2 protein chains.
Amino acid sequence: MVTIYDIAKRANVSAMTVSRVINNSGRISASTREKVKRIMEELHYVPNSTARSLVKQETKMLSLLITDITNPFFTTLARGAEDAAMELGYKLLFGNSDEKLSKEREYVDMMLSTRVDGLLFAPASDDSAEHLTMLNVHQVPFVLVDRDVPGVEADVVLGENRSGAARLTAYLLALGHRRIALINGFGTVSTARERFAGYCDALAEHGIGYDKSLVVEYGYNRFDDPDKLERVMRLPDPPTAIFAANNVLAVSIIAFLRGKGIGVPEQMSVVCFEDVGLASKLDPFLTVVMQPAYDFGYKGVRLLIDRIRRKDELERQTIRLPSEMIIRKSAGPPA
Amino acid sequence: MVTIYDIAKRANVSAMTVSRVINNSGRISASTREKVKRIMEELHYVPNSTARSLVKQETKMLSLLITDITNPFFTTLARGAEDAAMELGYKLLFGNSDEKLSKEREYVDMMLSTRVDGLLFAPASDDSAEHLTMLNVHQVPFVLVDRDVPGVEADVVLGENRSGAARLTAYLLALGHRRIALINGFGTVSTARERFAGYCDALAEHGIGYDKSLVVEYGYNRFDDPDKLERVMRLPDPPTAIFAANNVLAVSIIAFLRGKGIGVPEQMSVVCFEDVGLASKLDPFLTVVMQPAYDFGYKGVRLLIDRIRRKDELERQTIRLPSEMIIRKSAGPPA
DNA sequence: GTGAAAGCGCTAACAA
DNA sequence: TTGTTAGCGCTTTCAC
């Protein structure tokens, strides 16, 4: 590997002079600058950021920790994060927790050791608090994205979960549904709680009591036990509509219904929170509340970098990103 | 930040002893090991990989460069790459070139400077050769994935593009189609060339000459000029079927056809190379050739790490991953 | 089983 | 405008 010293020797100057040329800092005579630059090119010199990081105590790396890299929401979020990071001269180290605390923990340790300058963090659940505490102990700035964690003081970028869920539910109610199942994420995830609250809001608005037997919980990334849903469907007074708390669950549920020969929306209406990427372009079928996924990432990283630069002088921020309801064809009047 | 020296001082040992405990190397008495470990925990010590990288001349970081992070194929590939990397103790630095050479170049420079130990690289086009040469100059190992680059000697993990495209085309021919449009990627991308060759193979097999006017090219990630397709549709002897060279194009094409009121498959049959992620689960509609995306990433990273470890002693490898044809509903007999 | 010294490639701080 | 010195946090090498 070519080092600063190789350049320095060839150019007959000190290492500092070369360093100054590389960083455009300090006053350098045009002639030495030219000479050094020429030699740098000749030797294909590439600065060693490892060494620079060590002395500058910053890596210009950020970490993006998401819970499901195959979910189009997070993928688009990542795209936004990438753009913001690149614009501001940062690299992005990815991590994908699969909604698992243990994998999340591994990633946090990794990032700590890598000395990333900050993290954009979509926590797996409230129990992520433990990992976030670790970050605080080490004074590594982070911004929570998509999900909040009670008891953790931090900048957050969130969606309008409660009102969005209420709109979706109200829409089903307006169509005439009275028995609406909620297939939710786990109650230990803030978005699931908020979506549940919105669901209840809308029901209450219509004077309908909340029926516990209509609500079941799954991991956001896998519909692993169809029996839970099956039991809801076999209730004496079964649902005529399903509100899926996220896109992955919605898709699995529809596949499941299809497998049982249940037509959507003819025999069962389905709506969901978050759009489904390519699928909605291929076939605009699912009625959804769509979130500005790109902005989650873009604004999250901007906020993170702001935090890194201004440390404590910056007041704690909460950004709420608006969502949009898109009415398509997966919900109709009750059968 | 807590350093090895802080631990050493508190434990009344040398920095080397601490280092040895951390790395489980050398002989250490049980008692010192215990003492050092205890203090490490107390102080929440986390090794500084930046410093370690500097001396060891390795970062335990790999880079994954893909061309479209919102494409489910690459997303699933990334998932595989992540698993393989994590299993073998490496971190993954992501880059997304958007099929753009300039962005790719920026990433290559970044990765060079970051001193990643190797790259899994999905090149934007044949012109990526220039960037790959850069990697060779700096002796950074890389593995090409999904796409080959002529003139570049490297390990590669590729799909069965030619035979897969031939199968898809043969399927349309068997349905009775004789005028089949190919909406391809740019000819500067190896997969586009191979898929084109497969398309021609199948036509030739049926004694049908290749008609240049039925073939148009787009970037794999965007259907940016519908007029090009429109012109094909308005041919005196128009196509009755469309073969889309990738998933993103297929989805856009179908949306476009729908916009024109053209029913698929009633008025126009459509097939495509690569599956469409969630979309195919939501609605098993598109007839496709599906590639084992996860394996592309998983095997690519394994191969890369093999290459890193064994450098020149390892012979150059080419892995061809099988694809599978999935017949669904988007293609039928000619209208 | 443990330690001292040197150095990885770079830059901050101070000199000249 | 340029150079010298020291040190970032760790591991390699050699010594005991």
Side-chain angles (χ1 to χ4, degrees), chain A residues 1-37 39-40 43-61 89 110-117 138-140, chain B residues 1-37 39-40 43-61 89 110-117 138-140:
Chain A
M1 281 282 101
V2 180
T3 74
I4 272 199
Y5 292 109
D6 300 323
I7 314 280
K9 194 186 298 177
R10 286 265 246 126
N12 236 313
V13 294
S14 75
M16 264 322 290
T17 301
V18 177
S19 174
R20 283 193 263 254
V21 170
I22 292 166
N23 296 289
N24 275 313
S25 60
R27 280 145 296 275
I28 305 256
S29 77
S31 65
T32 25
R33 160 168 282 116
E34 282 323 302
K35 185 172 49 173
V36 168
K37 284 207 158 170
I39 296 177
M40 274 171 38
L43 267 44
H44 300 291
Y45 172 75
V46 179
N48 183 328
S49 9
T50 271
R52 181 181 286 163
S53 294
L54 187 57
V55 12
K56 300 199 71 153
Q57 299 286 63
E58 65 167 16
T59 53
K60 287 284 180 185
M61 278 200 231
M110 229 176 209
M111 301 313 174
L112 240 22
S113 170
T114 307
R115 298 296 195 262
V116 294
D117 294 341
H138 292 277
Q139 314 215 53
V140 180
Chain B
M1 282 284 102
V2 180
T3 75
I4 272 199
Y5 291 109
D6 300 324
I7 314 279
K9 195 186 296 176
R10 286 266 246 125
N12 237 312
V13 295
S14 75
M16 262 323 291
T17 301
V18 178
S19 174
R20 284 193 261 252
V21 170
I22 292 167
N23 297 289
N24 274 314
S25 60
R27 280 146 295 275
I28 305 259
S29 76
S31 65
T32 27
R33 160 168 285 117
E34 281 324 300
K35 184 171 50 173
V36 168
K37 283 206 160 173
I39 296 178
M40 274 171 39
L43 267 43
H44 300 291
Y45 172 74
V46 179
N48 183 328
S49 11
T50 272
R52 179 181 288 165
S53 295
L54 186 58
V55 12
K56 299 197 70 151
Q57 300 286 65
E58 65 167 16
T59 54
K60 286 284 180 184
M61 278 200 231
M110 231 177 210
M111 301 312 175
L112 240 22
S113 170
T114 308
R115 298 296 195 265
V116 293
D117 294 341
H138 292 278
Q139 314 215 57
V140 180

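Just so it is clear: chains get the letters A, B, ... in the order the sequence lines come, proteins before strands, and each one is counted from 1. Computed from a predicted structure; not experimentally measured.
A donor and an acceptor atom sit less than 3.5 Å apart, one in the side chain of A:Tyr5 and one in the base of C:dC10.
Put simply, A:Lys56 has a side-chain N or O that comes within less than 4.0 Å of OP1 or OP2 on C:dA12. Between B:Ser53 and D:dC10 there is no side-chain N or O to OP1 or OP2 distance below 4.0 Å. Considering only side-chain N and O atoms, B:Asn23 lies under 4.0 angstrom from the phosphate OP1 or OP2 of D:dT11. Phosphate contact (OP1/OP2 of D:dT12, side-chain N/O of B:Gln57, threshold under 4.0 Å): absent. Proximity of A:Tyr45 to the phosphate of C:dC10: a side-chain N or O atom is located under 4.0 Å from OP1 or OP2.
Between the CG atom of B:Leu54 and the C1' atom of C:dC8 there is a distance of 4 Å, given to the nearest Å. The distance between atom CZ of B:Arg27 and atom C1' of D:dA15, rounded to the nearest whole Å, is 15 Å. Nucleotide D:dT12 holds its P atom 11 Å from the CD1 atom of B:Ile4, rounded to whole Å. Spacing between atom CE of A:Met1 and atom C1' of C:dC8 amounts to 14 Å, rounded to whole angstrom units. Whole-Å rounding puts the A:Ile28 CD1 to D:dG3 C1' distance at 11 Å. The distance between atom CD1 of A:Ile7 and atom C1' of C:dT11, rounded to the nearest whole Å, is 16 Å. In this structure, the CG atom of B:Asn48 is 9 Å from the C1' atom of D:dC8, given to the nearest Å. Distance, A:Leu43 CG to C:dG9 P: 14 Å, rounded to whole Å.
Here the side chain of A:Asp6 pairs a donor or acceptor atom with the backbone of A:Thr3 at under 3.5 angstrom. Put simply, the side chain of A:Asp117 gets close to the backbone of A:Lys60: a donor and an acceptor are under 3.5 Å apart.
A distance of 10.5 Å separates OH of B:Tyr45 from CE of B:Met1, quoted to the nearest 0.5 Å.
If you check every strand for non-hydrogen atoms under 4.0 Å, B:Thr32 touches sugar and phosphate atoms only. Residue contacts for A:Arg52: at a heavy-atom cut-off of 4.0 Å it reaches the sugar-phosphate backbone alone, with no base atom in range.
Contact record, B:Arg52 with B:Pro47: NH2-CB, 4.0 Å, taken as the closest heavy-atom pair.
You'll find the side chain of B:Ile4 reaches within 4.5 Å of the side chain of B:Ser19, heavy atoms only. For the pair B:His44/B:Val2, no side-chain contact is recorded, criterion being any heavy-atom separation below 4.5 Å from C-beta on.
Under 3.5 Å, the side chains of B:Thr50 and B:Ser53 contain no donor-acceptor pair of N or O atoms.
Closest approach to the B:Val55 side chain among C:dG1, C:dG7, C:dG9 is made by C:dG7 (side chain taken as heavy atoms from C-beta onward).
Within residues 13-22 of chain A, the residues that place at least one heavy atom under 4.0 Å from DNA chain D are, in residue-number order, A:Val13, A:Ser14, A:Met16, A:Thr17, A:Arg20.
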